[in-house]
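Numbers restart at 1 for each chain; the letters A, B, ... are given by sequence-line order, proteins then strands.
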Amino acid sequence: MCFSTVRRSWIIKSRYSMRLQQATGPHVSGDALARIVLWVPAMLFLLFIFIPLVAIFLNLDLQSLIGELRNSQVTNALSLGIVTSLLSTLGSFAFGVPTAYLLATRNFAGKKLMDTALDIPIVLPPAVAGLALLLAFAPRGLLGPSLRQLGFILPGSTLAVILSQFFVASPFVLRSSKAAFENVDRKFIDSARLLNPSKFSVFFTVTLPLAANGVLAGVVMTWARAMGEFGATLMFAGNLPGVTQTMPLAIYVLMAEDPIASNVLSAILVITSFSILGIFKWLSSRPSVLP
Amino acid sequence: MIILRNVKKSFGKKEVLQNVTLEVPKHELLSLVGPSGCGKTTTLNIVAGLWRPDGGAVIIEGVLVDGKEDGHLIHVSPSRRKVGYVFQDYALFPHMTVRGNISYGLKSRHLSEQEVKSRTQELLQFVGLPAHSEQYPAQLSGGQKQRVALARALAIEPHILLLDEPLAALDPRTRESLRIELKKMLESLDVTSIFVTHELSEAYAISDKIAVMGAGRIEQVGHRDEIFSEPNSEYVARFLGQNVYSGKVIDYSSPRSTIEINGIKISAGNAGDIDNDSVLVTIRPEDVVLSSDLKPGNLKWDEVAYNNLQGKIVEIVRINSAIEVTVDVGFPLRLTMTATSLRELGLKEGGHVSALFDVDSVRISPVGESASS
């Protein structure tokens, strides 16, 4: 049976290449044509993405790299970027995971609407997001007066940076966690419920571990997105060195003033993004549970 | 003791349990058997408390766990019912070792670490897996997984044990040897248990008491032999694989009545208590014998009380070690025999034979009611 399948597929293949030969003339075989059609665009695509990334590193030498690490504008942007992106990721996790669980496990009126609304930031241009945040939370915005009474003036503050990043990046952890919770087989939760009286304990010992890869992948994507946030931060938080100037903003500003510093920051961001992508790929390729 | 009283359950418009009433006495094992989709798993899930019934009552060990009491709707949560549940594909926690799985129910019960450890060890011994305690479910064979699932369910010292097709996920060879092993373990436990299966032979092998389920209802409950000899409805007779026909009484004479099936006359017992000409006729496959040289007239069937019908063999099928032969005698008549008799009689598909069966093995009942012989 195995043999006959092999034979059949061989026959189909040879018929197919015969037809291709007739269509393209006798000189290019079907296989060769397929190779060209698939590999040429793929290689051009890869080069287009890869060459700019290589360019960033080719421009750098170790000396300038070390030198720039003493530049306070660079180090400020770097530390601010890391701190704000970690905090906004933490916030996204704290709000995103429970909301994802709610959406994945409960049915309620307006669920679809809520689900869609929380996805909007993914498709919203970041500049629009920044403007929207301004119109809502700036001193003269929708909630500005009340916030001012509470002592918050957001634009120009580090908190605004975190909020911008949260606004733009949190949907990633929400999406990914929701899918992960939906994928946890009901029977595992059922068997845990029979053995364990505490719903909290069932969540933390069975549901969350089984959804962990998806949740973590979402966290990693959120972090990467938060670290690279530019448009919304610029519009809402502004561009104050040491206060709101994160790495992407510093790269933009320094490009004219100090191209080497801009280059160094870019290289650091590329390396970080690459590592994050690596972690993400590893998490999503790992079997859902150990080992 | 488990009691279900008029339990109903629908999913959307689909009525999965119409009206389930069932009782399993303390320390007894009952097999719940029925075709796929008849509501067996739903029944178990309701007993376990994973789903709420739409109506009716569930009582475990004398305690009402689902139903109405003084006008209040009662629903006891699954973990408080102390139910051991072995799921169809075991549902072992994939991120925990064998030990982790077995001790899961113990850890949440405020026992000391020492108690958890010794009890887990005991259960590992009971199911014969101490050597595999640090392995993950993905590393175990089907039979080993099943035993871990049983140990995990038993860890909480359940009042009742529910097993949902625990052998279905195994290959046929392992299934047969594990069936014996599982039966021994269940017998040694003395826990009130429901064993769900869609295979009649499995139900027969596992327990004395069988409940046959069909489309959301319990059709018949009783001792396995009683069910096989006295199916109480057309549904059960068909499920048991018996020959079921609709016939007509054309002669009510006693003690032999005459019945016509598809234009063919056969003799049956007294039909005096049946006041409708249309009847349901059931003949058990194992009550029919074949003869290749018996012509009508060679045997006086009034005396020996045998029906003797001429027919042609239309199909010979081997089911495990038994042979199932279908003979067209004017209606299709199925019967079973051993491979040896098949060979000795030299029967072949298309061959002409006489089918013989006792007058008393023909069971007649009014259409739509329970049978009487």
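- The local environment of CZ in A:F48 is sparse, with at most 12 non-hydrogen atoms from other residues, nucleotides or ligands closer than 6.0 Å.
- Counting all heavy atoms, side chain and backbone alike, B:M96 lies closest to A:V206 at CE-CG2, 4.3 Å.
- When each of A:T205, A:D190, A:L194 is scored by its heavy-atom pairs under 4.5 Å with chain B, the top score falls to A:L194.
- With hydrogens and angles ignored, the 3.5 Å screen pairs a side-chain donor or acceptor of B:S108 with a backbone N or O of A:L195.
- Distance check, rounded to the nearest 0.5 Å: OH of B:Y85 to NZ of A:K187 gives 12.0 Å.
- Only the side chain of B:R109 has a heavy atom closer than 4.5 Å to any heavy atom of chain A.
- Counting heavy atoms of neighbouring residues, nucleotides and ligands inside a 6.0 Å radius, atom CZ of A:F203 exceeds 12 of them.
- Both the backbone and the side chain of A:V202 have a heavy atom closer than 4.5 Å to some heavy atom of chain B.
- Residue A:L46 places its CG atom among more than 12 non-hydrogen atoms of other residues, nucleotides or ligands, all under 6.0 Å distant.
- Annotation: A:F274, atom CZ; neighbour count of heavy atoms from other residues, nucleotides and ligands within 6.0 Å does not exceed 12.
- The shortest heavy-atom contact between A:R193 and B:G49 is NH2-O, 4.2 Å.
- Within a 6.0 Å sphere centred on CZ of B:F93, heavy atoms belonging to other residues, nucleotides or ligands number more than 12.
- By number of non-hydrogen pairs under 4.5 angstrom with chain A, the leading residue of B:L106, B:L50, B:I156 is B:L50.
- Shown here is A:K111, whose NZ atom has more than 12 heavy atoms of other residues, nucleotides or ligands within 6.0 Å.
- Other residues, nucleotides and ligands contribute more than 12 heavy atoms inside 6.0 Å of the CD atom of B:E134.
- No hydrogens or angles considered: nothing links the side chains of B:Y104 and A:S191 as a donor-acceptor pair under 3.5 Å.
- Across all non-hydrogen atoms, the minimal contact from A:F188 to B:P94 is CE2-CD, 3.6 Å.
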